[in-house]
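Single-structure report; data block below.
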Amino acid sequence: MKEGFDNKKYVKIQSQKIRERFKLFDKLYLEIGGKLFDDSHAARVLPGFKNDAKISMFKELKDDLEIIFCINAGDIEKNKTRAEYGITYDTEVLKLINNSKKMGFSVNSVVITLYKNQVSVDKFIKRLERNGIKTYIHTFTKGYPTDVETIVSEEGYGANPYIETTKPLILVNAPGPGSGKLATCLSQIYHEHKMGINAGYAKFETFPVWNLGLKHPVNLAYEAATADLKDVNMIDPFHLDSYGETAVNYNRDVEMFPVLKSILNKVSENDIYKSPTDMGVNMIGFCIKDNELVEEASKKEIVRRYYSELNNYKKGLTDSDSYQKIKLLMNELNIDENYLDVIKPALDKSEKEGKPVISLKISKRKIITGKQTDILSPASSLVLNAIKELSKIPDDIALLSPNVLEPMLKLKKDMYNSSMPLQLTEVLTALSICSTTNPMVEKALSNLKKLKYCEAHATYIVENGDLKALKSLKINLTCEPEFLSNLELK
């Protein structure tokens, strides 16, 4: 895959920038926006960006940092889910903690924010504590966001318990937006300054990229990704006024800056930030080495987000505003729903065969399709066809014989009373077993890794096991907003 982003340079200059910032204070609370691990959005819009780039960068600072994770009590109570992983926020926190510890990072604690005595939250706290994880409870900050005198007092931030930390750099991370990271940072800074410690705040937000244009496709892709949050990129007026320089930020940070600046000035009596952009430490814009390639990747991501929001609308998860907003972004860039060249072949094949189909682009000029059969789901057919093509195995040779697949179908019917075709995970399991005695199957399986970041399009909403398996293979999947059950009735 061609690269438009210099990941090695990014890790180097980003860690240097953060080190420069925390040297300004005795202690720096760094709010981490977006994903700490596996930043797949950045990898898609910046070809060459490694999913683990952020964590690789923080490894350079590992001896100087510890991590606090925040989670909103309301998100625990509502079982809020990370769409890309299909797991709840509380499970994601546990996953983040385990990943951090495995990599040798010091995890300080978990802060439960906006706590209201919820029974489900109390159970989660017990689970954390029984696993040796310290927990702290924060309730609503009195006076927030307008009454600065009350916020910066014993009734406001002073009412929160102090979290003891020992390192000069404290990363404050969360499973998603609205988790209370900023409030946790400010509460800690309030306590630190009461004890005579010069603590500061900074923000590490990857997108929007402050030193790219307002309408650069990378920044528009961020707007598309946050369409459900109704985020809007804008020129930072405070930065323009203070420095005469154009910088891009987004509406929530710009709107909150006067309040945040007042709180920081009140807490620390140290006025070092003249704009929300000043608070950031993001260096990602300096590491783009092929702008044309990056723009192209970002346009593709916007189309993917469009289909994702169409699907969410069909499922009743969002209103029409989200996908309509992304459609406007596509109009600005003069692209449409068929911008991904993998879409039309899927639709054409489905119309011809009268069956659900998934298509997959495995090379510049080669698109493979897979249709639903009595034995295989479209995803199963697709991946079998793709790895056969990549392994140069003739089409008339079956990787898995009916002698293997039919007993699996019979067992599935007997145990679960299901006549559903075999899903991708089941087929991959059968392949892995057969590979121990069949070198051809072993060769085909070795090519699975070549499907990473390939474009795919389904003529229906892929769900459950097939969706999880395709995501595990890192395939960039888009889906028509049609339920499979509806297609089968036609």
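One is the number of the first residue; the rest follow in order along the sequence. Just so it is clear, the structure is predicted and the values come from calculations on it, not from any experiment.
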| message | Tell me if a side-chain donor or acceptor on Arg21 pairs with a main-chain N or O of Leu28 at a distance below 3.5 Å. | response | no
| request: Would you kindly say whether Gln188 and Tyr29 are connected by a side-chain donor-acceptor distance under 3.5 Å? | output: yes
| Polar side chain donor-acceptor pair, Tyr190 to Asn160, under 3.5 angstrom | no
| said: For Tyr10 together with Phe5, are the ring centres under 6.0 Å from each other? | reply: yes
| field | Pair Lys289-Glu3, salt bridge (Lys or Arg N to Asp or Glu O under 4.0 Å): steps then yes or no | value | CA-CA 8 Å; Lys289 60 182 183 180; Glu3 294 187 351; 3.8 Å; yes
| For Glu296 and Tyr339, does a side-chain donor sit closer than 3.5 Å to a side-chain acceptor? | yes
| field | Side-chain (Asn282) to main-chain (Glu205) donor-acceptor, under 3.5 angstrom | value | yes
| said: For His239 and Asn249, which I'm curious about, is there any donor-acceptor pair between the side chains at under 3.5 Å? | reply: no
| query | Just by distance, do the side chain of Gln14 and the backbone of Met283 share a donor-acceptor pair under 3.5 Å? | reply | yes
| query | Would you find a donor on one side and an acceptor on the other, under 3.5 Å apart, between the side chain of Ser100 and the backbone of Phe105? | reply | no
| said: Strictly by side chain to side chain donor-acceptor pair (under 3.5 Å), give each pair with a member in residues 49-58 just once, sequence neighbours left out. | reply: Asp38-Asn51, Asp39-Lys54, Asn51-Tyr453, Lys54-Thr206
| At their closest point, which heavy atom of Tyr89 faces which heavy atom of Gly176, and how far apart are they? | OH-CA, 3.6 Å
Can you list, pair by pair, the side-chain donor-acceptor contacts under 3.5 Å of residues 113-122, counting residues two or more places apart and other chains?
| unit_1 | atom_1 | unit_2 | atom_2 | d |
| --- | --- | --- | --- | --- |
| Thr113 | OG1 | Ile71 | O | 3.4 |
| Thr113 | OG1 | Ser179 | O | 2.9 |
| Tyr115 | OH | Asp122 | OD1 | 2.5 |
| Gln118 | OE1 | Lys116 | N | 2.8 |

| Has the side chain of Asn447 got a donor or acceptor atom that lies under 3.5 Å from a matching backbone atom of Lys450? | no
| query | Does one side chain, of Lys388 or Asn385, offer a donor that lies under 3.5 Å from an acceptor on the other? | reply | no
| note | Between Pro145 and Val259 the two heavy atoms that sit nearest each other are O-CG1, 3.0 Å
| task | Check the surroundings of atom CG in Asn331: do more than 12 heavy atoms from other residues, nucleotides or ligands lie under 6.0 Å from it? | result | yes
| message | Taking atom NZ as the centre, does Lys366 end up with more than 12 heavy-atom neighbours from other residues, nucleotides or ligands that are less than 6.0 angstrom away? | response | no
| field | Salt-bridge contact Arg304-Glu301 (side-chain N to carboxylate O under 4.0 Å) | value | yes
| task | Start with the C-alpha gap between Val172 and Val111, add the side-chain angles, then the distance that decides, and say whether side chain to side chain contact (heavy atoms under 4.5 Å, CB included) holds. | result | CA-CA 10 Å; Val172 182; Val111 180; over 6 Å; no
| note | In short, Met330 meets Asp336 closest at the heavy-atom pair CE-C, 3.4 Å
| request: For a side-chain contact (heavy atoms from CB on, under 4.5 Å) with Val383, tell me which candidate from Leu431, Ile358, Ile368, Leu448 qualifies. | output: Leu448
| Are side-chain heavy atoms of Leu182 and Leu260 found at a separation under 4.5 Å? | yes
| task | Measure the spacing between CD1 of Ile170 and CG of Leu65 and express it to the nearest 0.5 Å. | result | 8.0 Å
| Salt bridge present between Lys215 and Glu332 (N-O < 4.0 angstrom) | yes
| task | Decide if atom NZ of Lys230 counts as having more than 12 heavy atoms of other residues, nucleotides or ligands within a radius under 6.0 Å. | result | yes
| field | Step-by-step side chain to side chain contact (heavy atoms under 4.5 Å, CB included) determination, Phe238 to Tyr243 | value | CA-CA 8 Å; Phe238 302 97; Tyr243 303 103; over 6 Å; no
| field | Side chain Thr478, main chain Tyr307, donor-acceptor under 3.5 Å | value | no
| Rounded to the nearest 0.5 Å, how far does CG of Leu477 lie from CG of Leu360? | 9.5 Å
| said: Keeping Asp236 on the side-chain end and Val248 on the backbone end, is there a donor-acceptor pair under 3.5 Å? | reply: no
| task | Check the pair Thr318, Asp228 against side-chain hydrogen bond (donor to acceptor under 3.5 Å, both in side chains), reporting the backbone distance first and the verdict last. | result | CA-CA 7 Å; Thr318 59; Asp228 59 326; over 6 Å; no
| request: Please state whether the rings of Phe204 and Phe58 are parallel, tilted or perpendicular, taking 30° and 60° as the class boundaries. | output: perpendicular
| request: Can you establish whether the number of heavy atoms outside Lys12 located under 6.0 Å from its atom NZ is more than 12? | output: no
| task | Hey, could you give me the NZ/OG distance between Lys371 and Ser380, rounded to the nearest 0.5 Å? | result | 14.5 Å
| request: On the 0 to 90° scale, with breaks at 30° and 60°, tag the Phe207-His41 ring pair as parallel, tilted or perpendicular. | output: perpendicular
| field | Any side-chain donor near an acceptor of the partner, Glu223 and Asn219, under 3.5 Å | value | no
| said: As a quick check of understanding, evaluate side chain to side chain contact (heavy atoms under 4.5 Å, CB included) for Tyr306 and Lys327, giving each step before the final call. | reply: CA-CA 7 Å; Tyr306 175 72; Lys327 180 61 175 171; 3.9 Å; yes
| note | In terms of heavy-atom contacts, Asn211 and Gly285 come closest through OD1-CA, 3.5 Å
| Heavy-atom donor-acceptor pair, Ser187 side chain to Ala183 backbone, under 3.5 Å | no
| message | Distance check, rounded to the nearest 0.5 Å: Cys454 atom SG versus Leu470 atom CG? | response | 11.5 Å
| task | Without swapping roles, check the side chain of Thr91 against the backbone of Ile87 for a donor-acceptor pair under 3.5 Å. | result | no
| message | Between Lys344 and Asp348, does any side-chain N to carboxylate O distance fall below 4.0 Å? | response | yes
| said: Hydrogens and angles aside, do Ser377 and Asp466 bring a side-chain donor and acceptor to less than 3.5 Å of each other? | reply: yes
| query | So, the side chain of Ser275 versus the backbone of Asp278: is there a donor-acceptor pair under 3.5 Å, distance only? | reply | yes
| request: Go through the side-chain N and O atoms of His457 and Ser359 and say whether any donor and acceptor fall under 3.5 Å apart. | output: no
| Between Asn79 and Thr88, a side-chain donor and acceptor under 3.5 Å | no
| request: Evaluate side chain to side chain contact (heavy atoms under 4.5 Å, CB included) for Ile151 paired with Lys266, printing each intermediate quantity in order. | output: CA-CA 10 Å; Ile151 296 167; Lys266 180 80 174 173; over 6 Å; no
| message | Using 0.5 Å steps for rounding, measure from the SG atom of Cys70 to the NZ atom of Lys181. | response | 8.0 Å
| said: With rounding to the nearest 0.5 angstrom, report the CG to CD distance, Asn311 to Glu463. | reply: 9.0 Å
| task | For the pair Lys361 and Asp341, evaluate salt bridge (Lys or Arg N to Asp or Glu O under 4.0 Å) and give the outcome as yes or no after the intermediate values. | result | CA-CA 8 Å; Lys361 188 173 183 178; Asp341 56 8; 2.6 Å; yes
| said: Check Glu309 with Lys325, please: is the shortest side-chain N to carboxylate O separation under 4.0 Å? | reply: no
| task | Output yes when Lys203 and Asp253 qualify as a salt bridge under the 4.0 Å nitrogen-oxygen rule, no when they do not. | result | yes
| query | Under 3.5 Å, is there a donor-acceptor pair between the Glu31 and Tyr201 side chains? | reply | yes
